[in-house]
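Values in this document were obtained by computation on a predicted structure and should not be read as measured data. Computed over heavy atoms, backbone and side chain alike; hydrogens, waters and symmetry mates excluded. First the proteins, then the strands, lettered A, B, ... as listed; each starts at 1.
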2 protein chains.
Amino acid sequence: MDQPPGPAPTRLRAIPSRLIAGAAIAADRIVADRLATEGARKWHFAVLAALAETGAASQAELGRRTGIYRSDMVAVLNELADADCVRRDPDPVDRRRNVITLTPAGRRHLERLDALVSDAQRELLAPSPPPSRANSSTC
Amino acid sequence: MDQPPGPAPTRLRAIPSRLIAGAAIAADRIVADRLATEGARKWHFAVLAALAETGAASQAELGRRTGIYRSDMVAVLNELADADCVRRDPDPVDRRRNVITLTPAGRRHLERLDALVSDAQRELLAPSPPPSRANSSTC
DNA sequence: ACCTTCCGTTAGTGCCACTAACGTTTCGGC
DNA sequence: GCCGAAACGTTAGTGGCACTAACGGAAGGT
């Protein structure tokens, strides 16, 4: 946190897209920080979760389900495969595809990441210590 | 749009940070697309708006007000200065600082960008054509 | 047989958030 | 007055993510 935030001009403060962006980077950082404790990023979690839920799939299918571009998927799967969280086998029925399978180690890893992400969501949604009924000055 | 989105696993669909992130990238894209028609990015708009509202300021002060890192501010101001939207003069009273001043051209540019951003916000907040009272299937 | 489409992969771009280090200048304490 | 801490502008570089372009190989439709 190099930059102590100053007061934003009202012209900027009220812009929805800026508010959303601010919320998103705060949320992303909380999640990313949590996942970093396991050396993971949000994509790893997304891919593992998708695999756990719908079983083995091709890389393209995983990309569609998680929103990850297929070009980026390659690196993610390389990392997951290096960590033995996932196996990448050529599909015998369609030789264009790879079949991605979740390993037991991957499933365990997913459970750890899932806990971290859940924690992050809780931290996200409950940042106000006392939700006091007599409501705040800027109401 | 290379990737036709597929159905996301429910485990992912319900995660707040993912929803926020999705909203943010949609919002960012709308704004960025609009601003691109004038060759600008959101930072240019933010800096010009901050200058218009509070008058001349140092680069560091602008950074605090807009949320832009002072290292990135340099390039933004270079671009704005190249386009004659802004002047960058050494501060006579504190020689560490530069005084950034909005030029008439900059003010005109700001008005154009402001219109684009306003349009974007409207598009953002009104994506549902009929807000029909008999409410949607997934209620 | 063609042509189109899909697949995995490589390479690269652009925006943004963020860090590190630098030389200069100013300020606070002593 | 001096010295160290802090602020400033600048340069350089990192890393994550969204996205594009192009490829060779394989499958599918007609």
Value in whole Å for how far the [atom2] atom of [N] lies from [atom1] of [X]:
X: A/Asp33; N: D/dG16; atom1: CG; atom2: P; value: 12 Å
X: B/Arg65; N: D/dC8; atom1: CZ; atom2: P; value: 12 Å
X: B/Ile25; N: C/dC16; atom1: CD1; atom2: C1'; value: 14 Å
X: B/Arg88; N: D/dG9; atom1: CZ; atom2: P; value: 9 Å
X: A/Asp72; N: C/dG14; atom1: CG; atom2: P; value: 16 Å
X: B/Asp91; N: D/dC8; atom1: CG; atom2: C1'; value: 11 Å
X: B/Glu61; N: D/dC8; atom1: CD; atom2: P; value: 8 Å
X: B/Arg41; N: C/dT13; atom1: CZ; atom2: P; value: 16 Å

**Message:** Quiz question: by atom type and distance under 3.5 Å, do the side chains of B/Arg88 and B/Gln59 form a donor-acceptor pair?
**Reply:**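 Judged by distance alone, the side chains do pair up.
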**Fill in**
Its contact letters, B for base, S for sugar-phosphate only and - for none at protein heavy atoms under 4.0 Å, make nucleotides 25-30 of chain D read BBS---
**Prompt:** Sequence neighbours excluded, which residues qualify as side chain to side chain contact (heavy atoms under 4.5 Å, CB included) partners of A/Ala56?
**Reply:**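 Listed in chain order: A/Val99, A/Thr101.
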**Item:** Partner set under side chain to side chain contact (heavy atoms under 4.5 Å, CB included) for B/Ala23, not counting sequence neighbours
**Value:**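 Per chain and number, B/Ala23 pairs via side chain to side chain contact (heavy atoms under 4.5 Å, CB included) with A/Ile20.
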**In one Ile/Leu/Val/Met/Phe/Trp/Tyr side-chain cluster, 4.5 Å: B/Leu48, B/Tyr69** =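 They do not share one cluster, since no chain of ILVMFWY contacts under 4.5 Å joins B/Leu48 to B/Tyr69.
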Listed partners of [X] passing side chain to side chain donor-acceptor pair (under 3.5 Å), at least two apart:
X: B/Asp91; value: none
X: B/Arg65; value: B/Thr54, B/Glu61
X: B/Glu79; value: B/Arg41, B/His44
X: B/Glu53; value: A/Thr10

Measure from the side-chain heavy atoms of [X] and tell me the nearest of [options].
X: A/Arg70; options: D/dT10, D/dA7, C/dT9; answer: C/dT9
X: A/Asn98; options: D/dA7, C/dG8, D/dA18; answer: C/dG8
X: B/Lys42; options: D/dA12, C/dC7, C/dA17; answer: C/dA17

**Request:** Output the rest of the hydrophobic cluster of B/Val93: all Ile, Leu, Val, Met, Phe, Trp and Tyr residues reachable through side-chain heavy-atom contacts under 4.5 Å, sorted by chain and number.
**Result:**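 Traced through the cluster, B/Val93 reaches no other member.
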**Request:** Give me the other members of the hydrophobic cluster that B/Val74 sits in, counting Ile, Leu, Val, Met, Phe, Trp and Tyr linked by side-chain heavy atoms under 4.5 Å, directly or via other members.
**Result:**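 Besides B/Val74, the hydrophobic cluster comprises nothing; the residue is isolated.
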**Item:** Residue mapping more 5' on DNA chain D - nearest nucleotide basis, A/Ser71 or B/Arg64
**Value:**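 Between the two, 5'-proximity favours B/Arg64.
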**Request:** Please list, by residue number, the residues of residues 43-59 of chain A whose heavy atoms come closer than 4.0 Å to an atom of DNA chain C; answer none if no residue qualifies.
**Result:**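 DNA chain C contact set from residues 43-59 of chain A: A/Ser58, A/Gln59.
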**Item:** Residues from residues 74-81 of chain B lying under 4.0 Å of DNA chain C - heavy atoms
**Value:**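 Of all residues in residues 74-81 of chain B, none places a heavy atom under 4.0 Å from DNA chain C.
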**Message:** Please check if the number of heavy atoms outside A/Arg87 that lie under 6.0 Å from its CZ is greater than 12.
**Reply:**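 Incorrect, the count does not exceed 12.
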**Message:** Under 4.0 Å from OP1 or OP2 of D/dC17: is there any side-chain N or O of A/Tyr69 that close?
**Reply:**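 For A/Tyr69, the contact criterion (side-chain N or O under 4.0 Å from OP1 or OP2 of D/dC17) is not met.
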**Request:** Kindly write out the residues that satisfy salt bridge (charged side-chain N to carboxylate O under 4.0 Å, His left out) with A/Arg112, not counting sequence neighbours, or none if the list is empty.
**Result:**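 Only A/Glu38 meet the salt bridge (charged side-chain N to carboxylate O under 4.0 Å, His left out) criterion with A/Arg112.
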**Message:** Within the 4.0 Å heavy-atom criterion, would you say B/Asp28 contacts the bases, only the backbone, or no part of the nucleic acid?
**Reply:**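 Nothing, no nucleic acid heavy atom in range.
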